[in-house]
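For reference, the structure is listed below as structure tokens.
Naming convention: chains lettered A, B, ... in sequence-line order (proteins, then strands); numbering from 1 in each chain. All of these numbers come straight from a predicted model, not from anything done at the bench.
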Amino acid sequence: MHNENQFQATDSPAELAPAEATAAKSLSEEAAASRRDPALAAVNISKSIGSRLILDNVSVSLARGELKVVIGPSGAGKSTFLQCINGLIPPDTGQVFLEGQSLNMRNKHELRLFRQQVGMIFQDFNLFDHLTALDNVAIALRKVRGMSRQDSEARAMSELERVGLANRARLYPAELSGGQTQRVAFARALAMDPKVLLLDEPTSALDPELVGEVLEVIRYLAKGGMTMLMATHQMDFARALAHEILFMEHGRVIESGSPAELLAAGSGTRTLDFCSRLDLEL
Amino acid sequence: MEIDFLLERILPALNRGVWVTIQLIIPSMLLGFAGGVVLGALRAFGPRWLRRIGDAYTTVIRGVPLIIQLFILYNALPKLGIYLDGFAAAVLGFIMCSAAYHSEYIRGALLSIRQGQLKAAQALGFDKTSMLVSIVIPQALRRALPGCGNEFIYLIKYSSLAYMTTCVDLTSEAMKLAAYTYRFTEIFLVCGVYYLILTSLAAWALNRLEKLAYIPGFGKAK
Ligand SMILES: Nc1ncnc2c1ncn2[C@@H]1O[C@H](COP(=O)(O)OP(=O)(O)OP(=O)(O)O)[C@@H](O)[C@H]1O
Ligand SMILES: [Mg+2]
């Protein structure tokens, strides 16, 4: 039913090869401990808006290099969950850990340091409209990381090259296609050297013919060992690359497991049912 | 009209007046705009009580004719022991009025910035101040520029109400000379041309500024 091969044919991305093998030797004990911890964990996140419970004790844990996919109907709480992890929406209860370190969201400084290490990709791209592609990538390096203009631009250029947009560096968001805009957003997030990426339906706002180029970037990151948590409706993609699928409905994770388990023909899971209806719509 | 009357009576009087008008306009523009930015920012993002006060201020200023406001500043404040000379009363009135109008444009521009961009900045680790300085303000100013530009041009024209406070500006000079010579038509025609030159200069400068600040996706200029 699904064609997995198209996702496996890509060459291995050299630039993103995890530095883990070489770094492993020089690990201090503390780092060794953090290595055993999940890269990112969110535990029992709950959130109410008004009197409505939007997230009900949702948890996820991502080992290094893992790609987990969150699926579920509109209004399930996927976006809210992702934004609770980096505090864009403050959760009512629950805890977030980055490499075993608990995050205190009330401490603004700590929260900003956390956000620098956890990149986010949005459904509607959210590039800064008044800045060129290059400056969109460079600005956080300057304003958040304190890099010089020259260094930040050099780094931004190499990130744009990585997503194949070096020749668009001087264009403004209004002059880019949706797919290009989203790829600049990836360059912007990756320039911060994030340990984890949160992706909220990164291809949902794209015309069908532009989805491929963005999935290509995600695939390339996955193969390079980037840790990612992604809300998506791209089931072929999830089936081929996800280590785990979380199926959310009404603010809860109601099923989770490997794509093979949840999507096996005849497994009778809610996930399978949801996906087959999704396929009919498409 | 005889050329002598133009050269010897009208032009010297109006030149004196236009100089006063320029002195009225420049501080009113600068401080009115600065006040409008602060007021607009407070009305957009301030705590609720400040927003209320800002909204009420703007409603009153926009709802009462400027001529009445100037009258109150010049004639009623002394009853409270506050004495302003005609020039100061006029400038103060213009600043208060401009600030209210600018604040409308600034507030609208600030609120029009897509929430998503603010989320993106926060997700990258921006603090509030650098987000405001690097993302919000550069976009808001571009969005507000056409409206604020219009307000600068209106200011040049409504500065003629300074005659209310016995400040002898361009219009007052024209009125004085006309009352003395009864040659209303020539005098006010020339006076109108002076204002037209001032507003055209301002429009030209604003146009240049808009072109300089142009970014694809903002404003209309191509
Ligand atoms: N600011 C808000 N105020 C009130 N309700 C909200 C707010 N934000 C989200 N919600 C509600 O929370 C629920 C979850 O929304 P969320 O955007 O997280 O869903 P989602 O799974 O991302 O859906 P979609 O697939 O449409 O993006 C929805 O029912 C939504 O109406
Ligand atoms: Mg969503």
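- Around atom CZ of B:Phe71, no more than 12 heavy atoms belonging to other residues, nucleotides or ligands sit under 6.0 Å away.
- For a residue to count as touching a neighbouring chain, one of its non-hydrogen atoms must lie under 4.5 Å from one of that chain's; by this rule A:Leu171 does not touch chain B.
- Residue contact with chain B, scored on non-hydrogen atoms closer than 4.5 Å, involves the side chain of A:Phe122 exclusively.
- When A:Val144, A:Asp135, A:Ile139 are each tested for a side-chain contact (heavy atoms from CB on, under 4.5 Å) with B:Ser134, only one passes: A:Ile139.
- Rounded to the nearest 0.5 Å, atoms OG1 (B:Thr129) and NZ (A:Lys143) are 12.0 Å apart.
- Heavy-atom pairs under 4.5 Å with chain B were tallied for A:Phe114, A:Phe128, A:Phe125; the largest tally goes to A:Phe128.
- Taking CD from B:Gln115 and CG from A:Asp124, the interatomic distance works out to 11.5 Å, rounded to the nearest 0.5 Å.
- Ion pair B:Arg114/A:Asp129 flagged as a salt bridge, since at least one NZ, NE, NH1 or NH2 atom sits closer than 4.0 Å to an Asp/Glu carboxylate oxygen.
- Taking 4.5 Å as the limit, every side-chain heavy atom of A:Lys108 sits out of range of all side-chain heavy atoms of B:Asp127.
- In this structure, the portion of A:Glu175 lying under 4.5 Å from any heavy atom of chain B is its side chain and not its backbone.
- Proximity to chain B involves both the backbone and the side chain of A:Arg188, based on heavy atoms less than 4.5 angstrom apart.
- With a 4.5 angstrom heavy-atom cutoff, A:Gln83 touches chain B only via side-chain atoms.
- The two residues B:Ala123 and A:Met120 make their nearest non-hydrogen contact at CB-CB, 4.0 Å.
- For the atom pair B:Ile215 CD1 and A:Thr132 OG1, the distance stands at 9.0 Å (nearest 0.5 Å).
- A:Ala174 and B:Pro216 make their closest contact through CB-O, 3.7 Å (heavy atoms, listed as atom of the first residue, atom of the second, distance).
- The line from NE2 of A:His130 to CD1 of B:Ile137 is 10.5 Å long, rounded to the nearest 0.5 Å.
- Using modelled atom types, one side-chain atom of A:Asn126 and one backbone atom of B:Gly116 make a donor-acceptor pair closer than 3.5 Å.
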